[in-house]
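Following: one structure in structure tokens, then a few remarks.
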Amino acid sequence: NADAMAKAFVKRDYHLISGGTDNHMMLIDLRNKNITGKDAEQALVKADITVNKNMVPFDTQSPFVTSGIRVGTPAITTRGMKEHEMAKIAELAHKVITNIGNDEVIQAVRKEVKELIKLSTQLKEANNHLSKKNVDLVVKNKELKDTLDTTKTKVEKVIKKLKSQK
């Protein structure tokens with residue numbers, strides 16, 4: 001998931017420190033977007049997208065302002081989101097970052113974020129339900145196989161007994 005999100009940010013010309021991600025986190029340098037980490041964090045939070053302002057290598061901003069943001073995927077992965085949603089979240093974050101100060105755009109993104117969360121929660125619940133049904137079917141299938149094996153053994157004994165009586 002983090003790799004998919006990293007690629008989606010790079011596609012939108014964001015500079016990722018280390019060029020991508022080796023784990024569930026990525027550090028994005030925003031200097032080419034002419035926005036501080038602090039401003040990006042505050043705007044994204046208004047849109048219900050959680051990031052943290054973070055210093056980047058050779059940062060010219062103070063630690064209280066920063067030139068970058070840190071983005072992670074564990075919380076959204078836990079909610080059942082996959083690669084497709086990572087690309088959508090990067091798109092929504094980009095929309096906010098490129099429209100800093102435009103509350104109308106930020107509120108529209110917030111609405112999309114809420115809908116994405118709702119849909120992913122519903123999908124996760126449906127998948128959990130189907131997984132439980134699948135486990136139930138596997139158990140039922142084993143019970144039926146055991147019954148069939150027992151019946152087969154009994155029939156074989158009866159046939160053997162009948163053959164021996166001839």
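Sorted by first then second residue, the ring-ring contact (aromatic ring centres under 6.0 Å, His included) pairs that include residues 10-33, not counting sequence neighbours, are Phe9-Tyr14, Tyr14-His94.
Comment: Glu91 engages Lys88 in a salt bridge, judged by a side-chain N to carboxylate O separation of less than 4.0 angstrom.
With rounding to the nearest 0.5 angstrom, the NZ atom of Lys145 is 8.5 Å from the NZ atom of Lys152. Taking CG of Leu119 as the reference point, atom CD of Glu112 lies at 11.5 Å (rounded to 0.5 Å). Rounded to the nearest 0.5 angstrom, Lys160 NZ and Lys163 NZ are separated by 10.5 Å. Taking CG from Leu148 and OG1 from Thr153, the interatomic distance works out to 9.0 Å, rounded to the nearest 0.5 Å. Atom CD of residue Glu83 and atom OG1 of residue Thr73 lie 10.0 Å apart, to the nearest 0.5 angstrom. Taking CD1 from Ile106 and CD1 from Ile100, the interatomic distance works out to 5.5 Å, rounded to the nearest 0.5 Å.
Connection of Val51 to Met55 is not established within any shared hydrophobic cluster, with ILVMFWY side chains joined at heavy-atom distances below 4.5 Å, either directly or through further cluster members. In the hydrophobic cluster analysis, where Ile, Leu, Val, Met, Phe, Trp and Tyr join through side-chain heavy atoms closer than 4.5 angstrom, Met5 is grouped apart from Val56. Grouping the Ile, Leu, Val, Met, Phe, Trp and Tyr side chains by contacts below 4.5 angstrom, directly or via other members, places Ile69 with Met86. Residues Val96 and Ile76 share a single hydrophobic cluster, defined by chaining ILVMFWY side chains whose heavy atoms lie under 4.5 Å apart.
In this structure Thr77 satisfies the side-chain hydrogen bond (donor to acceptor under 3.5 Å, both in side chains) test together with Asn1, sequence neighbours excluded. Remark: Glu104 engages Asn102 in a side-chain contact (heavy atoms from CB on, under 4.5 Å) (not counting sequence neighbours). With sequence neighbours excluded, no residue forms a side-chain contact (heavy atoms from CB on, under 4.5 Å) with Asn141.
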Donor-acceptor contacts under 3.5 Å from residues 34-41 side chains, at least two apart:
from, atom 1, to, atom 2, distance (Å)
Thr36, OG1, Asp39, N, 3.0
Thr36, OG1, Asp39, OD2, 3.3
Glu41, OE2, Lys53, N, 3.4

Please tabulate, one pair per line, all N/O donor-acceptor pairs under 3.5 Å involving side-chain atoms of residues 42-50, not counting sequence neighbours.
from, atom 1, to, atom 2, distance (Å)
Asp48, OD2, Arg110, NE, 3.1
Asp48, OD2, Lys114, NZ, 3.2

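Side-chain contact between Leu16 and Leu27: absent, with no pair of heavy atoms (C-beta onward) separated by less than 4.5 Å. Counting only heavy atoms from C-beta outward, the side chains of Arg12 and Thr98 never approach each other to under 4.5 Å.
At distances below 3.5 Å, at least one donor-acceptor pair connects side-chain atoms of Ser120 with backbone N or O atoms of Ile117. A donor-acceptor pair under 3.5 Å is formed between the side chain of Glu85 and the backbone N or O of Lys82. A donor-acceptor contact shorter than 3.5 Å links the side chain of Asn32 to the backbone of Asp13. Judged by distance alone, with hydrogens and angles left aside, the side-chain atoms of Asp59 form no donor-acceptor pair with the main-chain N or O of Thr66 at under 3.5 Å.
More than 12 heavy atoms of other residues, nucleotides or ligands lie within 6.0 Å of NZ in Lys33, so this atom counts as buried by the packing criterion.
The two residues Ser67 and Arg31 make their nearest non-hydrogen contact at CB-CG, 3.6 Å. Closest approach of Met25 to Arg70, counting heavy atoms only: CE-CD, 3.0 Å. Residues Ala87 and Ala8 approach most closely at CA-CB, 3.8 Å, considering heavy atoms.
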Problem - Stepwise side chain to side chain contact (heavy atoms under 4.5 Å, CB included) test for Ile28 and Ile17 - result: CA-CA 6 Å; Ile28 302 173; Ile17 305 304; over 6 Å; no
